[in-house]
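All remarks here apply to the structure that follows.
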Amino acid sequence: MSVADKYIDYVKKEAIERPEKSWDKMVLGFQANKLKTKLLPKKAISKGYQKLEAMMMSLVADSLFKEGSYVWGNIFAPCEIMQSLGVRTLSIECLSCYLSGYHLEDYFIDYAQNIGIAPTLCSYHKTFLGASDSGVIPNPVYAVGTSLSCDGNLNTFRYLEKKRGVPFTLLDIPYRDDDTSVEYLARQLEELSYTLSQVFKKPFKLESLKEAIRIENETRRQLVKFFHLLQEHFYPGELISQLYLMMGTHLLMGTQEFLDLVRFMNEDILTYPAFEGKRILWVHLLPFYQESLRQYFNGSSQYQIFGSDIILDSWEDLDETQPFRSLAKKLIRNIYNGSYSHKADMLSDLADRLKPDAVIHFCHWGCKQASGGSILLKERMQEKHIPMLILDGDGIDKRNSHDGQIKTRLEAFLEMLEGENKAC
């Protein structure tokens with residue numbers, strides 16, 4: 001057993017037996033992993049993905065190390081507003097993934113359910129609620145959520161406010177894309193900036209928000225370039241690399257450091273050979289721990305994930321002269337807002353842009369939207385003659401994912417793709 005494994009087991013035991021004393025040890029582990037990813041990057045993946053992993057480890061480790069420097073949010077919280085005040089956003093979904101690094105997700109999920117949290121709640125949320133209620137995680141200064149995508153957000157943040165005393169703002173995202181809806185949400189965003197300014201005792205500067213949007217627009221252009229280059233080049237990464245990229249596009253969007261990284265990736269990818277395998281467009285969450293999926297996609301020169309709807313959930317440039325209205329439009333027009341037919345339309349457009357060889361839709365257990373709409377998307381892809389595989393599982397709770405079933409279905413699907421190639 002390695003030193004890292006021994007430390008993981010030690011922290012897990014502390015979290016279960018002495019939760020109030022485990023947090024500092026947990027953060028110390030995050031700090032150690034941050035140094036490891038910088039000094040000893042994984043040799044099997046590209047330099048760009050190495051830097052991406054180190055950046056996301058630093059985001060979490062450094063934010064948690066400094067109390068009062070971050071807010072809890074869900075993945076769609078407008079990080080641009082927090083950044084304009086010098087405050088980081090840590091999504092509870094991503095934090096749950098980091099907690100699973102200590103193999104604690106099953107304990108926290110069971111803890112949450114044992115105190116009355118509904119078993120049907122998303123396992124990311126149950127992991128986080130269990131970690132909070134057990135006393136492992138200290139409260140943040142503030143929390144920011146949205147009604148976007150997940151109906152568990154409101155219940156989770158209300159519960160954290162009631163049971164743990166975490167003050168929060170929940171942004172109500174309209175489904176309709178019209179001037180009235182945009183203005184309604186823009187007012188909420190403006191009020192949020194004022195509230196956060198009061199909470200963190202920092203002056204809100206509109207110019208800082210405009211600068212974040214200018215950087216975000218350039219970052220988005222660079223990301224579009226990167227995903228088009230991925231159509232042509234083999235750029236070795238891991239399944240978890242896509243999770244880190246999703247963190248970047250939602251928690252660091254509008255920062256110079258993330259823009260510089262994407263620019264580096266666009267330069268670095270040109271040094272890699274042509275990609276001759278199958279290009280996969282991924283839909284919904286990424287079960288980064290799933291052994292069969294890791295076997296086929298980690299560093300593979302045959303199958304390359306070169307885009308995900310949760311990474312590419314917004315394509316439009318924002319008007320920096322009207323920052324609150326622009327952010328409102330971004331949220332309203334997000335691929336995850338509204339009916340699944342809206343999502344299917346945007347994914348259809350995304351498929352036209354990226355021209356994938358196949359689509360894999362992962363239906364995360366407990367996510368009603370994903371399970372309910374996957375057949376509609378499959379019909380859209382059939383119209384475009386793009387093969388699509390629907391996989392059922394859990395993005396974080398290994399007990400809800402059956403690796404044998406996933407392996408059988410994935411292998412059959414990939415064999416079918418290869419068979420089509422030979423037939424041509």
Side-chain angles (χ1 to χ4, degrees), residues 1-72 87-108 124 127-128 130-132 134-140 236-248 250-252 255 257-258 260-261 264 286-289 291 294 298-299 395-396 398:
M1 182 181 289
S2 68
V3 174
D5 289 333
K6 289 181 180 178
Y7 190 76
I8 287 171
D9 287 345
Y10 166 68
V11 173
K12 179 177 181 178
K13 184 178 179 181
E14 283 286 285
I16 295 171
E17 297 179 356
R18 291 176 290 275
E20 72 283 352
K21 296 183 178 180
S22 65
W23 182 243
D24 289 343
K25 300 177 180 67
M26 198 172 285
V27 174
L28 180 63
F30 292 147
Q31 288 284 342
N33 205 23
K34 178 192 76 171
L35 293 175
K36 178 185 175 183
T37 56
K38 287 185 176 180
L39 300 176
L40 298 170
K42 298 172 183 174
K43 295 181 180 180
I45 63 176
S46 63
K47 291 180 181 179
Y49 284 139
Q50 289 174 357
K51 289 179 177 291
L52 176 65
E53 181 174 25
M55 181 178 290
M56 296 310 135
M57 287 306 307
S58 295
L59 167 65
V60 173
D62 293 344
S63 298
L64 295 177
F65 187 73
K66 186 179 179 182
E67 291 186 14
S69 66
Y70 61 92
V71 299
W72 286 346
V87 176
R88 293 296 197 188
T89 308
L90 296 180
S91 84
I92 61 175
E93 301 94 338
C94 292
L95 284 171
S96 292
C97 293
Y98 276 70
L99 292 172
S100 74
Y102 288 104
H103 310 310
L104 280 162
E105 72 283 352
D106 54 349
Y107 171 73
F108 288 143
Y124 289 92
T127 298
F128 197 78
S132 177
S134 66
V136 170
I137 300 180
N139 288 353
E238 296 181 335
L239 199 64
I240 200 170
S241 301
Q242 301 300 312
L243 173 64
Y244 291 139
L245 198 53
M246 181 269 289
M247 290 174 64
H250 291 82
L251 306 181
L252 288 177
T255 64
E257 60 178 323
F258 187 59
D260 291 342
L261 172 66
F264 173 84
L286 291 143
F288 58 91
Y289 67 86
E291 190 55 42
R294 291 167 61 180
N298 281 8
I396 191 168
K398 301 176 182 65

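- Considering only residues two or more places apart in sequence or on other chains, Lys42 meets the salt bridge (charged side-chain N to carboxylate O under 4.0 Å, His left out) condition with Glu53, Glu238.
- When all heavy atoms of Tyr49 and Gly237 are compared, the closest pair comes out as CD1-CA, 3.4 Å.
- Taking CD1 of Ile240 as the reference point, atom CZ of Arg294 lies at 8.0 Å (rounded to 0.5 Å).
- Contacts of Ile16 classified as side chain to side chain contact (heavy atoms under 4.5 Å, CB included), with partners at least two apart in sequence or in another chain: Lys12, Leu104, Tyr107.
- Applying the salt bridge (Lys or Arg N to Asp or Glu O under 4.0 Å) test to every pair with at least one member in residues 91-108, sequence neighbours left out, gives these pairs: Glu105-Lys398.
- Within the 4.5 Å cutoff, no side-chain heavy atoms of Tyr102 are placed close to those of Tyr10.
- In terms of the side-chain hydrogen bond (donor to acceptor under 3.5 Å, both in side chains) criterion, residue partners of Glu257 (sequence neighbours excluded) are, by chain and number, Arg88.
- Partners of Phe108 under the ring pair (Phe, Tyr, Trp, His ring centres under 6.0 Å) rule, at least two apart in sequence or in another chain, do not exist in this structure.
- Evaluation of the side-chain hydrogen bond (donor to acceptor under 3.5 Å, both in side chains) rule for Thr89 yields no partner, not counting sequence neighbours.
- Closest of all the heavy-atom pairs between Pro236 and Ala44 is CB-O, 3.7 Å.
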request  = Could you walk me through whether Ile92 and Tyr124 pass side chain to side chain contact (heavy atoms under 4.5 Å, CB included), step by step?
outcome  = CA-CA 8 Å; Ile92 61 175; Tyr124 289 92; over 6 Å; no
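- A search for side-chain hydrogen bond (donor to acceptor under 3.5 Å, both in side chains) contacts involving Asp24 returns nothing, not counting sequence neighbours.
- The shortest heavy-atom contact between Ala131 and Ser134 is O-OG, 3.1 Å.
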task = In sequence, state the C-alpha distance, the side-chain angles, and the governing distance for Ser100 and Thr127, and then conclude on side chain to side chain contact (heavy atoms under 4.5 Å, CB included).
result = CA-CA 9 Å; Ser100 74; Thr127 298; over 6 Å; no
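- Checked against ring pair (Phe, Tyr, Trp, His ring centres under 6.0 Å), Phe258 has no partners two or more places apart in sequence or in another chain.
- For the residue pair Cys94 and Leu251, the shortest heavy atom distance occurs at SG-CD1, 4.4 Å.
- When side chains are defined from C-beta on, Met55 counts as touching Leu252, because their heavy atoms get closer than 4.5 Å.
- Shown here are the side chain to side chain contact (heavy atoms under 4.5 Å, CB included) partners of Ser58, two or more places apart in sequence or in another chain: Lys34, Lys38, Asp62.
- Nearest heavy-atom pair across Ser69 and Ser63 is OG-O, 3.1 Å.
- Tyr98 meets the side chain to side chain contact (heavy atoms under 4.5 Å, CB included) test with Phe30, Met56, Met57, Val60, Tyr244, Met247; sequence neighbours excluded.
- Between the side chain of Ser22 and the backbone N or O of Val11, no donor-acceptor pair lies under 3.5 Å.
- Atom OG of Ser241 is separated from atom CG of Leu286 by 10.0 Å, given to the nearest 0.5 angstrom.
- Summarising the geometry, atom CG belonging to Asn33 is positioned 10.5 Å from atom CD belonging to Gln31; distances are rounded to the nearest 0.5 Å.
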task = Mind running side chain to side chain contact (heavy atoms under 4.5 Å, CB included) on Leu59 and Leu90 for me, showing each step along the way?
result = CA-CA 8 Å; Leu59 167 65; Leu90 296 180; 4.2 Å; yes
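- Here the closest heavy-atom approach between residue Gly101 and residue Ile8 is recorded as O-CD1, 3.7 Å.
- In terms of the side chain to side chain contact (heavy atoms under 4.5 Å, CB included) criterion, residue partners of Pro287 (sequence neighbours excluded) are, by chain and number, Trp282, Tyr289, Gln290, Leu293, Phe362.
- Side chains of Ile137 and Leu99 form a contact here, defined as non-hydrogen atoms less than 4.5 Å apart.
- For the salt bridge (charged side-chain N to carboxylate O under 4.0 Å, His left out) test, residues two or more places apart in sequence or in another chain that qualify with Glu14 are Arg18, Lys25.
- Within a 6.0 Å sphere centred on CD of Glu67, heavy atoms belonging to other residues, nucleotides or ligands number 12 at most.
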